[in-house]
Amino acid sequence: MAPPKVLMIAEKPSIALSIASTISGGQMHSRKGTTEVHEFEGMFNGFPAYFKVTSVIGHVFSVDFPAKYQDWAATDPADLFQAPIHKTEANPKAHICRHLSQEARGCNHLVLWLDCDREGENICFEVIQCTGFQANDDRRKVYRARFSSVTEKDILKAMNCLVEPNEYEALAVDARQEIDLKVGVAFTRFQTSFFQGKYGNLDSRVISYGPCQTPTLGFCVQRYLQITTFKPEKFWALRPHVMVDGYELQLEWERHKLFDLDVALMFQKLVLQDRILEVTDMSEKQESKGRPPGLNTVNLLKIASSALGFGPQVTMQLAERLYTQGFISYPRTESTAYPSSFDFKGTLGALANNPMWGDYVQGLLSGGYHKPQSGKDAGDHPPITPMRTANEDMLGRDAWRLYQYVCQHFLGTVSPDCKYTRTKVEFSIGGEFFHCIGLHVTVKGFTSIMPWLAVSEKNLPQFAKGDKIEVSKVELFEGQTVPPDYLSESELISLMEKNGIGTDASISVHINNICERNYVQVQAGRKLVPTALGITLIRGYQCIDPDLCLPDIRGFIEQQITLVAKGEADHSSVVQHVLEQFKRKYSYFVKQIDNMDALFEAQFSPLADSGRAFSKCGKCLRYMKYISSQPSRLYCGTCEEVYYLPQKGTIKLYKELTCPLDNFELLIFAMAGPEGKSFPLCPLCYNSPPFEGIDALFGASKTGSSGMLGKGAGMPCFLCPHPTCRHSLIAQGVCACPECNGTLVLDPISAPKWRLYCNMCNCLVLLPQGAHRISTTREQCPECDSTIIEVDFNKNTTPLEDGATLHVGCILCDNLLHSLIEVKHGKSFFKRAVGREDAVVLMVPLGGAEGEATSNSCLKKNVGEIKFLPQLSFTLSHALLSEPIFHLKGAVVTVVIAVEFGFGEMSAFNLSWHSKSLDSQVALRCGAYPTCSHQTNALAFRGSESMGHSLKFPFGNSSAKTRLRNHIRPPLRVVCVDYPRPDLDNTVNFLEAALLSSSFRSSPRPAKPLNVVIAGAGLAGLSTAKYLADAGHKPILLEARDVLGGKVAAWKDDDGDWYETGLHIFFGAYPNVQNLFGELGINDRLQWKEHSMIFAMPNKPGEFSRFDFPEVLPAPLNGILAILKNNEMLTWPEKVKFAIGLLPAIVGGQAYVEAQDGLSVQEWMRKQGVPDRVTTEVFIAMSKALNFINPDELSMQCILIALNRFLQEKHGSKMAFLDGNPPERLCMPIVDHIQSRGGEVKLNSRIKKIELNDDGTVKSFLLNTGDVIEGDVYVFATPVDTLKLLLPDNWKEIPYFKKLEKLVGVPVINVHICDSEIIDATMGELAKLFPDEISADQSKAKIVKYHVVKTPRSVYKTVPDCEPCRPLQRSPIEGFYLAGDYTKQKYLASMEGAVLSGKLCAQAIAQDYELMVARGQGRLTEATIS
């Protein structure tokens, strides 16, 4: 009988992995699902069982209204209080519900490992619903695991103490969700519709209300009103000074202060007349300062905001990451009391080896620790506690600072109290009484580990009762009362906790909401300053119904929900009662809205007075006003109509042209960026499409009950099907988009850089540049149904014979026009070569595999047999070539073969391993559109289907006439695509990188941005500048050369071909680079290849060995199988020895990897017993690829880091190539991003000297031109060798800089081919690898073109023992920072390392800015050039 199956569900994939690893003892196998599934055998309730462990990704369902209630215009908000609600999948694309249902089939038990709070309990019942289990079914039992940390001890303890899930707590969450949805959406829709239709400068797309959000805002506004209504008063205080035994003491007056100057002067006169103080009393008292109780969520948020500078949202993200990684216990808890069973000794033991506080912990363990003070036991989780030791390199700076505080707080709770002696001496003079107080610490106690809470000692001289002392002076101090400061986040959190607003899980969300809604702004010191909109809203609620913004009503709701959670109140009754209350309040609010409107009218400009006269209304022919504040719109004062416009772009008039349907003046909307679309639109048609069936509106990607559906979304002219309007899709559409079902439309204002854009996706087609005019005609191509275009060329640059300038043709079928177009953003297309011969370029690593494709009649007759080298990209040469040639780029051979295909564009594609000859039979594949079943004649490579993408040459089918959006593809055109982008976005490393990126965008805007001068516009410098600009600062980027990119630079030769510093591979294991591409919107510029690694075999010329990574397996199984299946490079005994050597790296992680820095690759291999043959044949290629040096020089740490990334991530070793040269395709989008945010980029700005101030800090950068560049902060993002050359003399002995001496760049030569010696050596090497294609004497392939790019110092040389020499980004010189792959980060010398170093550098600067502001030491200047 088969053992029973146990399905266990965790809340996050990382927690599922920890649970499975612990329970299985590491003996499990994993497979890919929607989330990974870990399987193993073990014991359950004393019996053998088969376990499956998987996870959800937060809530499975979200609550919303049915589609009937989604339309704002058609639904009265009052109806929402009784409207039904339903649960839909929170993340439909993830298919979590289907995943859980499939995994639950055949399972006998369900164990729920969701977070142990109310939200987690609610998710438990969502999982139960998806799996088909029943909570009370004895045959298929449901269990609940309760745990507080992801440690082996807690997981095993929870597994042995399983309980039942708590339905009451789940219902409490359902109640809160329904109340918040219905109340919030009803008020939000009414407010937004009412006020946005009347006022122009609200600067908020949604004017939202929330039962928790609004009272939170109320606290901020209440403090603002206290400040603005505060009236300062002058006061006076007597301050006598005495000199005793060399001490000068200022005495405190018992009256403190007086508000009457005459009376204060009278007392001063009395004291001056007496002049002699008498000691009247002395007292000494032993006092203590109690150690803190345990740390709960609210206190963590308060400390993180006030002391660490982290907002609540960021704090919880960091805390959750520390929890899922097992460093701290569960971070959402209300308890400050530890349970009686808590293992203090074990927790202290886990911290005993930490270098920062290990000695302190040892003292506690040996001397006896103290039980913490009794705190509040909320019955949920123990206080937040460290679970294992860590260091900054393991966690990153922000997470480390939070972890450090958690550790120090815990150690403080088990330390002795701080004890001190308090001495008070009292004096009298002239009938007035004064005193002074001294403090002396006798036992530091917990303040030794929490020094910021230490008692400040104050020593007093010796006094005796009755002593007489002469006063040295009597100061009459004049002061003035001051208002309270704006609420800090820490103070706001305290008020929310005190008044029951939100829970430990939601407080951070409510604070984040009022910031995002533009109700408050976070300023220096994390002070919350309400905006005019926030102030007006709260004052309006106070005028109509103060309960709406007071905490009392929410506190009552939370009490009722708590009763539901305890099973003491009925869920439905509580929801019904609360909604009935709010419905009555809503009705009254609507009736009294004029009271709030009066306040808005006083604060904001009416639509009639807002904006500027812009375009004519088609109804009244009067000018409408353009209001640019969000949401941008037009307002007709005569008709009192509002017309919303597309958002996030610029609007201008379109030559005073009008719409033929309604007579409204047309507008042109231009999206931001050099490649943004620009298109015409009619304001009325855009808001109210006159044609049925327009279901895909522009800008309508986000919908939802609380979103602004319809405001900003609409029908531009490029979607309009009007048959005769010359601006419509019918008139301006040219042909089908090559990447989607959309249509390529002529951009009417793109001259002289004419282009087409897709009306559905981001595909752009560049038309002949510099033409005087390009327009569509009413004619269609007889071959493909594309619209014929008319081009009027510039007479100076016309390609037509006899100087003619006018040409009419189809861009797909006309040879001339087709040769002049280029597709950008396309995943498949490149610029076609001029002329009828198309040069096919194969980019081949030195170790590519060989397949064959023989000639066919469609190829040039005299070409003969063509050898194709598969797995690599086909692109097109920019020049007509008549015979085969070679380009070499470092370790890359570029084979160029001239072939007359007689068709248009060529796609970037891969051939399969066993590609055979062209099949002359007809392949029944459609060349028209994706879902078509039409038959089209085509030629295809037989066998190419195994690669997932067939290479086919479709012939035209003249009988197939389709409508414009479904054009048939042109005849004799290659139709194929790259491999799709792998699923990288849900990996842990990608999400961590995304979190770091988002921290810059979400951080408070600096009151005065820093001017940051950055030397070096390589990837490190560009990354630093990009993320500083995101954080609101102004980067000034200086590049010595005339080209961007640094080590990824490239240059164009006289023929228009580009040559680069080397072949740049973008791996899936580059999370920060992949995030960068996504943030810039250029993911489609990466061309992903088959997941294989191919090695040339030097001892077997012409033979290749493959490592194929199967897509169906997760990591590390896919990598292990790839190694096991390869028998050419490694024998089985070698595989076993190598695997045994890698095992500690996989288990020990980063700590083991870093410990191998002292060994070279060769030394490590020998230590594992791996033969030298493997090192010289396999790892020499990896060593050269990673660092350009041999295995006997390269640190094994470098190899292990690469292998760790490749083996730990399924797509880690998958490769992609940029679809063009890096300066234009990667660096320029970063520059555009920087400049759009106020930054500057200057080329040809070589630094001659770093000039210093007297205190050794940087004064300025002196350029070779004599210009002086000054700023607030300075960054060196050059190679380490350049930095060492320019290092000031008085810095060189500082240990931080002295260690750089061991870091040296590697000299690299990339051949494209030139120097005769290099040619001979290279050709000889190539002849060994490709004997059938190449001979050393060039008797086969001939060299007709070459380039050599010499880089004297490239990436730093990763030799053994250089890791300790790598510097952190923050230098010991104040205001001076470093960026570059040689600085401390975990990706070593790589593009990923460079980008990550830039982010870490920007992070350090942003953090130091907050500290400078907090300390009042910022010296912020304007950047100058003199």
Might you confirm whether atom [atom1] of [X] has over 12 heavy atoms from other residues, nucleotides or ligands at distances under 6.0 Å?
{"X": "Q769", "atom1": "CD", "result": "yes"}
{"X": "R1237", "atom1": "CZ", "result": "yes"}
{"X": "R622", "atom1": "CZ", "result": "no"}

Is there a side-chain contact between [X] and [Y] (heavy atoms, below 4.5 Å)?
{"X": "P716", "Y": "Y686", "result": "yes"}
{"X": "T650", "Y": "F669", "result": "no"}
{"X": "C735", "Y": "C784", "result": "no"}
{"X": "V745", "Y": "C717", "result": "no"}
{"X": "E665", "Y": "F614", "result": "no"}
{"X": "L746", "Y": "I789", "result": "no"}
{"X": "Y626", "Y": "S632", "result": "yes"}
{"X": "K616", "Y": "T658", "result": "no"}

### Query
What do the steps show when you test D597 against F195 for side chain to side chain contact (heavy atoms under 4.5 Å, CB included), and what is the final call?
CA-CA 8 Å; D597 190 30; F195 291 115; 3.9 Å; yes
### Task
Check the pair F65, L181 against side chain to side chain contact (heavy atoms under 4.5 Å, CB included), reporting the backbone distance first and the verdict last.
CA-CA 9 Å; F65 293 107; L181 175 73; 3.9 Å; yes
Please give me the minimum heavy-atom distance between [X] and [Y], naming the atom from each residue.
{"X": "S208", "Y": "T188", "value": "CA-OG1, 3.3 Å"}
{"X": "S615", "Y": "L653", "value": "CB-CD2, 3.4 Å"}
{"X": "Y586", "Y": "F190", "value": "OH-CB, 3.5 Å"}
{"X": "F61", "Y": "K87", "value": "CB-CB, 3.9 Å"}

### Query
For residues 649-660, which residue pairs qualify under salt bridge (charged side-chain N to carboxylate O under 4.0 Å, His left out), counting only residues two or more places apart or in two chains?
none
### Query
Checking S786 side chain against C810 main chain: does a donor-acceptor pair fall under 3.5 Å?
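No.
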